[in-house]
There are 2 protein chains.
Amino acid sequence: MGHSQAEKTQTHDRIVRIAAERFRKAGLEGVGVADLMKSAGLTVGGFYKHFGSREDLVIEALQEAMRQSRERTKTLMAQGKHGPFAALVRAYLSPEHRDCPETGCPAGALSGDAARGGPREQELFAAYIDKAIEGVSGMIATPAPGKARAHAVAAYSTLVGALILARAVGPGALSDELLKTASDHLIAAFGPTSPD
Amino acid sequence: MGHSQAEKTQTHDRIVRIAAERFRKAGLEGVGVADLMKSAGLTVGGFYKHFGSREDLVIEALQEAMRQSRERTKTLMAQGKHGPFAALVRAYLSPEHRDCPETGCPAGALSGDAARGGPREQELFAAYIDKAIEGVSGMIATPAPGKARAHAVAAYSTLVGALILARAVGPGALSDELLKTASDHLIAAFGPTSPD
DNA sequence: CAATCAGGATTATGATCATAATCTAAATAT
DNA sequence: ATATTTAGATTATGATCATAATCCTGATTG
């Protein structure tokens with residue numbers, strides 16, 4: 001079998017990418033090492049040739065998920081037809097995003113787990129969420145100068161909260177209402193043509 | 001040892017109360033049956049004299065946590081010095097609530113788990129969250145009639161989102177900022193003296 | 001080309017888990 | 001008072017888990 005350095009890097013990245021999906025779908029404790037390796041087409045044995053511990057993979061997978069999420073947001077902003085904020089809100093609170101946590105925002109999928117996680121996970125989330133708030137602050141309508149950050153904190157909290165709640169209540173009218181109502185409210189309150 | 005019917009009920013309730021705390025602290029998958037029984041001063045063996053399965057205990061514990069949370073909110077509203085909405089927001093986004101998930105709001109502590117849970121958990125959360133939104137809708141300043149529910153959805157999403165994020169980022173300035181900023185924003189936007 | 005190294009498979013290891021069978025003594029029922 | 005039921009303890013059971021030791025095979029290094 002191939003054991004070249006290039007192939008090892010590929011394998012490593014493949015495990016991390018798969019873990020980044022599986023963890024978002026099943027939670028940080030919801031999927032085991034053997035299962036992950038099988039999903040990557042490998043067996044358990046090789047795992048510790050790539051990672052010092054399961055915890056190390058969790059960290060790498062979180063970094064990968066966050067990298068993907070920032071990338072996705074950047075792409076979305078680049079093609080923005082409507083205002084960038086409205087486009088972000090519509091995508092974030094779309095039924096598609098709600099129904100596909102495995103490729104979505106790690107804050108929406110794993111914040112609850114991070115709250116019970118170790119300092120390494122929490123530091124990653126702190127950096128990710130701070131950057132996300134800064135990003136939002138750059139796209140909302142800011143009437144009072146110096147208020148952009150505060151508005152962004154509120155808007156981002158609403159985004160993540162509505163998404164998590166929409167997932168928690170299971171499929172149904174309430175879930176759809178949460179997405180649509182929070183979406184409309186955010187665009188009305190912070191969109192380009194907002195009052196205040 | 002006592003095995004009277006009254007004592008069995010007491011024991012049952014004690015297990016459920018302890019589970020309601022432990023699950024909020026460690027997550028729905030974060031604590032085992034044996035550990036829970038030991039916390040209740042018992043051993044594993046008796047567990048299935050009280051519950052058909054671990055899942056059944058999860059359901060009862062969630063119901064208990066939700067009952068406690070509604071009770072607590074009712075008490076808080078009764079003694080409300082400030083407006084009821086401001087009092088709720090300040091308590092919900094207080095550092096004390098952030099640091100004590102085991103006695104706090106089940107939506108804040110377990111929504112992430114519920115998103116990956118079964119239909120029974122999700123139905124409980126749907127009923128709980130719907131009722132919570134209705135409660136909020138009754139205490140916010142409602143300028144436009146027919147807008148109360150929508151505003152309550154947004155406000156509740158912001159509450160839960162800010163709390164979850166404040167826990168996920170770990171202790172530090174960002175966590176405090178999330179609580180304080182979301183708190184101020186909610187009171188400014190939906191409090192008794194709100195604009196719109 | 002020979003010797004070494006290392007990626008990945010196979011197979012332990014020991015812990016932890018939910019669930020269950022058996023046993024006990026106390027509470028209820030007859 | 002005797003018989004029956006049952007709450008809870010003790011002790012299996014079998015699955016699943018993270019981690020590790022061993023081995024094989026192909027890549028790397030000299």
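Proteins get letters first, then strands, A, B, ... in listed order; numbering begins at 1 in each.
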Practice item. Just compare C:dT19, D:dA9, C:dT10 and give me whichever is closest to any side-chain atom of B:Ser53. Key: C:dT19

**Study point:** Atom pair distance, as rounded to whole Å: CZ in A:Phe47 and P in C:dG7
**Key:** 14 Å

Exercise for review: Check the distance between C:dA20's P and B:Phe51's CZ and give it to me in whole angstrom.
Suggested key: 15 Å

Exercise for review: Please list all pairs passing the side-chain hydrogen bond (donor to acceptor under 3.5 Å, both in side chains) test where one or both residues lie in residues 19-30 of chain A, with sequence neighbours left out.
Suggested key: A:Arg22-A:Asp35, A:Arg22-A:Ser39, A:Arg24-A:Gln68

Practice item. Take atom NZ of B:Lys8 and atom P of C:dA26, then tell me their distance rounded to the nearest Å. Key: 18 Å

Review point. Quick one: B:His12 NE2 to D:dT6 P, roughly how many Å, whole number?
Key: 17 Å

Check your understanding: Does B:Arg14 or A:Gly32 map to a spot on DNA chain D nearer the 5' end, using the closest nucleotide for each?
Key -> B:Arg14

**Study point:** Pairing of B:Asp113 and A:Arg167 as salt bridge, 4.0 angstrom limit
**Key:** no

Check your understanding: Among the nucleotides D:dT28, C:dT10, D:dT19, which one has an atom lying closest to any side-chain atom of A:Ser4?
Key -> D:dT28

Point to revise | Earlier contact from the 5' end, DNA chain C, for B:Gly45 and B:Gln5 | key: B:Gly45

Review point. D:dT16 P sits how many Å from A:Lys38 NZ, rounded?
Key: 11 Å

Practice item. When you get a sec, tell me which of D:dA9, D:dA7, D:dT11 is the closest nucleotide to the side chain of B:Val44? Key: D:dT11

Practice item. Check the distance between D:dG8's P and B:Glu7's CD and give it to me in whole angstrom. Key: 8 Å

Review point. Any idea which of C:dA18, D:dA20, C:dA9 is nearest the B:Arg54 side chain?
Key: C:dA18

Check your understanding: Hey, would you say the A:His185 and B:Tyr156 ring centroids sit under 6.0 Å apart?
Key -> no

Review point. Heavy-atom contacts under 4.0 Å between residues 55-64 of chain B and DNA chain D, which residues?
Key: none

Practice item. Spell out, as yes or no, whether a donor-acceptor pair under 3.5 Å connects the side chain of B:Ser69 to the backbone of B:Ala65. Key: no

Review point. Pick the nucleotide of DNA chain C nearest each of B:Ala6 and B:Val33; which residue has the one closer to the 5' end?
Key: B:Val33

Check your understanding: Ignoring hydrogens and geometry, is there a side-chain-to-backbone donor-acceptor pair from A:Ser94 to A:Ala91 under 3.5 Å?
Key -> yes

Practice item. Consider the side chain of A:His50, meaning its heavy atoms from C-beta on, and name the nucleotide among D:dG8, D:dA18, C:dG8 that approaches it most closely. Key: C:dG8

Revision key, fill the gap. Applying ring pair (Phe, Tyr, Trp, His ring centres under 6.0 Å) to A:Phe47 and not counting sequence neighbours gives A:Phe51

Revision key, fill the gap. To the nearest angstrom, the CE-P distance between B:Met37 and C:dC17 comes to 15 Å

Point to revise | Between C1' of C:dG7 and CD1 of A:Ile15, the distance in whole Å | key: 10 Å

**Study point:** Short N-O contact, A:Glu123 and A:Arg120, less than 4.0 angstrom
**Key:** no

Check your understanding: Does the pair A:Asp13 and A:Lys8 meet the rule for a salt bridge (Lys or Arg N to Asp or Glu O under 4.0 Å), with working shown?
Key -> CA-CA 8 Å; A:Asp13 291 355; A:Lys8 175 170 185 182; over 6 Å; no

Check your understanding: When all nucleic acid strands are considered with a 4.0 Å heavy-atom cut-off, which category describes B:Lys49: base, sugar-phosphate, or nothing?
Key -> base

**Study point:** A:Tyr48 side-chain N/O to D:dT19 phosphate OP1/OP2 under 4.0 Å
**Key:** yes

